[in-house]
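Worksheet: the structure to be examined is printed underneath.
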Amino acid sequence: MKQRLSFLLLIIWVATWLPSELYAQEASAPDKKEPASYQPLTLKLSEDGSKYLRFIMWHQIWASTNNLSVEGQKTQVSTSIRRSRLLAYAQISPRFLILTHFGLNSLTTSGLSPLGNGNNSQLFLHGAWGEFKINKQLYIGGGLHYWKGLTRLSSESTLNFMTLDQSRPFIHWHSLGITDQFARHLGVYAKGQIGKFDFRLAINNPGHNPLNAGNGYGEKATSLTYSGFVNPNDQGDPTGNTIVEGYLRMNIFDKESTKLPYNVGTYLGKKKVLALGAGFFAHPNGMYNTENGNHENVFHGAIDAFLDLPTKAGALSAYSSFIVFDYGENYVSRWAGTGTAFYGHLGYYLKQAKVMPYVALQNSKYEGLTETINALDIGLNYFINGHNAKLTLEYHRINNDPREGGMNDMSQVRLQAHIFL
């Protein structure tokens with residue numbers, strides 16, 4: 001216990017010392033002329049720049065402890081690549097857009113191959129879609145896409161998180177690996193803006209290889225499996241092959257971009273935003289009852305609010321959401337379950353110090369579990385160059401969740417180095 005406490009105190013000391021030390025080094029270093037701001041990697045395809053090809057690449061490298069909630073074990077620190085991605089999109093005409101996104105997730109030492117030719121999944125397709133402009137208010141697209149419904153964080157950008165990562169359990173990415181490929185569905189979507197409102201609506205097909213074969217994680221008896229889309233009905237006909245999801249947002253102050261689906265985590269005071277949203281996720285006949293052979297519907301609904309408010313000293317960033325999940329009686333999925341979930345986070349950006357302390361809370365009450373799941377994240381961002389280069393230190397804890405590797409409680413300290421161009 002003393003060793004663990006000493007380790008945590010060391011991490012806290014590094015978190016408070018590093019920003020001031022780096023700032024002092026910057027102040028004392030010789031004056032070097034650097035670009036005033038980051039210049040995107042863009043290839044112009046026309047003289048006026050209206051036609052272009054934009055490249056984005058990023059890495060997120062982690063150093064994280066093992067589960068500190070396990071008594072008596074030696075504290076260890078492991079490195080991993082949380083994300084390594086390459087994204088490109090082209091505006092080849094004001095009426096056409098194409099996007100391709102490749103990458104890998106959560107590469108650890110156990111996933112390495114001696115010669116790079118193993119069977120472990122590394123680089124794979126995250127997104128591939130094309131889009132057509134119908135008019136100024138409506139765009140239609142299709143492919144493997146990220147235009148998701150339910151909440152703002154369901155389509156959250158991984159480039160500009162306010163927290164270190166999407167808060168786990170992934171209640172906002174509730175379909176991850178269950179009906180989609182890493183939070184992306186195959187289907188068609190519509191998006192647009194009308195005045196202060198913007199919307200996204202998608203009609204998708206579920207992937208036919210559900211995580212854990214669609215079995216539940218509940219403590220109470222249930223005959224449901226989230227595999228209705230791979231089980232024909234009693235007449236032998238396919239069913240459950242359609243998912244409909246959508247999200248409606250009202251922008252009180254500045255309007256947010258809907259060019260790409262990736263919702264910003266924090267603008268660091270560059271925008272004044274108050275966004276109120278409501279969304280849903282519907283999967284008719286998505287559930288399968290192994291007891292009677294019937295199919296049942298899945299439906300989730302949510303409301304949320306996002307605030308990014310510039311101040312004299314920096315910016316205040318806050319978000320909250322309330323989600324009602326309905327998979328069927330007593331069913332607990334890998335990331336959510338029949339019941340309710342609340343999530344909220346709050347952070348404050350100190351512009352002069354380039355740091356942003358934050359806290360995030362999650363509370364989930366599911367029919368199939370006897371205990372309420374709670375999650376806590378306490379962290380500190382240090383922005384070397386905005387979101388393009390930053391360090392994040394976070395303490396992450398989950399209580400009463402039997403899905404976390406057989407341990408009801410999990411806690412760890414994580415350090416991330418994030419760079420994107």
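Just the heavy atoms: all of them, side chains too, but no hydrogens, waters or symmetry mates, feed the values below. Quick caveat: nothing in here was measured; it's all calculated off a predicted structure.
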- line: Nearest heavy-atom contact between Tyr395 and Val413 is CD1-CG2, 4.1 Å

message: I want to know whether His101 and Trp58 have ring centres closer than 6.0 Å.
response: yes

query: How far apart are the C-alpha atoms of Leu68 and Thr75, what are their side-chain angles, what is the distance that settles it, and do they pass the side-chain contact (heavy atoms from CB on, under 4.5 Å) test?
result: CA-CA 7 Å; Leu68 300 176; Thr75 301; 4.0 Å; yes

query: How far does OH of Tyr358 sit from CZ of Phe161, to the nearest 0.5 angstrom?
result: 10.5 Å

query: Are Ile303 and Ser321 close enough, and set up right, to give a side-chain contact (heavy atoms from CB on, under 4.5 Å), and what steps lead you there?
result: CA-CA 6 Å; Ile303 55 174; Ser321 62; over 6 Å; no

- request: Using the six-membered ring of Tyr139, assess whether NZ or CZ of Lys191 lies under 6.0 Å from its centre and within 45 degrees of the ring axis.
  value: yes

task: Could you tell me whether Tyr327 and His300 have their ring centroids closer than 6.0 angstrom?
output: yes

field: Tyr366 to Thr340 - nearest heavy-atom pair and separation
entry: CE2-O, 3.9 Å

- request: Determine whether Phe420 and His387 make a side-chain contact, defined as any pair of heavy atoms from C-beta on separated by less than 4.5 Å.
  value: yes

Beyond-backbone contact of Tyr319 with Asp304, side-chain heavy atoms, under 4.5 angstrom: yes

message: Tell me whether Glu256 is salt-bridged to Lys271, with the criterion being a basic N under 4.0 Å from an acidic carboxylate O.
response: no

message: Can you give me the closest heavy-atom contact between Arg85 and Phe182, atom names plus distance?
response: NH2-CE2, 4.2 Å

query: Which atoms form the tightest heavy-atom contact between Phe102 and His126, and what is the distance?
result: C-ND1, 4.0 Å

- prompt: Is Arg200 close enough and on-axis enough to Tyr247, meaning under 6.0 Å and within 45°, for cation-pi?
  reply: no

Side chain to side chain donor-acceptor pair (under 3.5 Å) partner of Tyr189, chosen from His145, Glu245, Glu131, Lys148: Glu131

Side-chain heavy atoms of Phe197 within contact of Arg249, under 4.5 Å: no

Distance (rounded to the nearest 0.5 Å) between Leu361 CG and Asp377 CG: 8.5 Å

Backbone of Leu176 reached by a side-chain donor or acceptor of Trp335 within 3.5 Å: yes

- prompt: Quick check: are there more than 12 heavy atoms from other residues, nucleotides or ligands sitting under 6.0 Å from NE2 of His295?
  reply: yes

- prompt: Atom OH in Tyr382, atom CG in Leu393: separation rounded to 0.5 Å?
  reply: 14.5 Å

query: Does one side chain, of Gln412 or Thr65, offer a donor that lies under 3.5 Å from an acceptor on the other?
result: no

- prompt: Does Tyr89 reach the side chain of Leu97, with side-chain heavy atoms less than 4.5 Å apart?
  reply: yes

- request: Kindly give the heavy-atom pair with the smallest separation between Tyr146 and Trp129, and that separation in Å.
  value: N-CZ3, 3.9 Å

Matching residue for His283 among Phe229, Phe325, Tyr288, Phe299 - test: ring-ring contact (aromatic ring centres under 6.0 Å, His included): Phe229

- prompt: Can you find a heavy atom in the side chain of His345 that is under 4.5 Å from one in the side chain of Val359?
  reply: no

query: Taking atom CG of Asn209 as the centre, does the number of heavy atoms from other residues, nucleotides or ligands within less than 6.0 Å exceed 12?
result: no

query: In terms of side-chain heavy atoms, does Gln91 have a donor or acceptor partner in Lys259 at a distance below 3.5 Å?
result: yes

field: Heavy-atom donor-acceptor pair, Asp180 side chain to Gly177 backbone, under 3.5 Å
entry: yes

message: Between Arg83 and Asp165, does any NZ, NE, NH1 or NH2 come within less than 4.0 Å of an OD or OE carboxylate oxygen?
response: yes

- prompt: Can you say whether the rings of Phe281 and His174 are parallel (under 30°), tilted (30 to 60°) or perpendicular (over 60°)?
  reply: perpendicular

- request: Could you label the plane-to-plane angle of the Tyr343 and His172 rings as parallel, tilted or perpendicular, counting under 30° as parallel and over 60° as perpendicular?
  value: perpendicular

message: With heavy-atom distances below 4.5 Å as the criterion, would you say the side chains of Gln181 and Phe124 are in contact?
response: yes

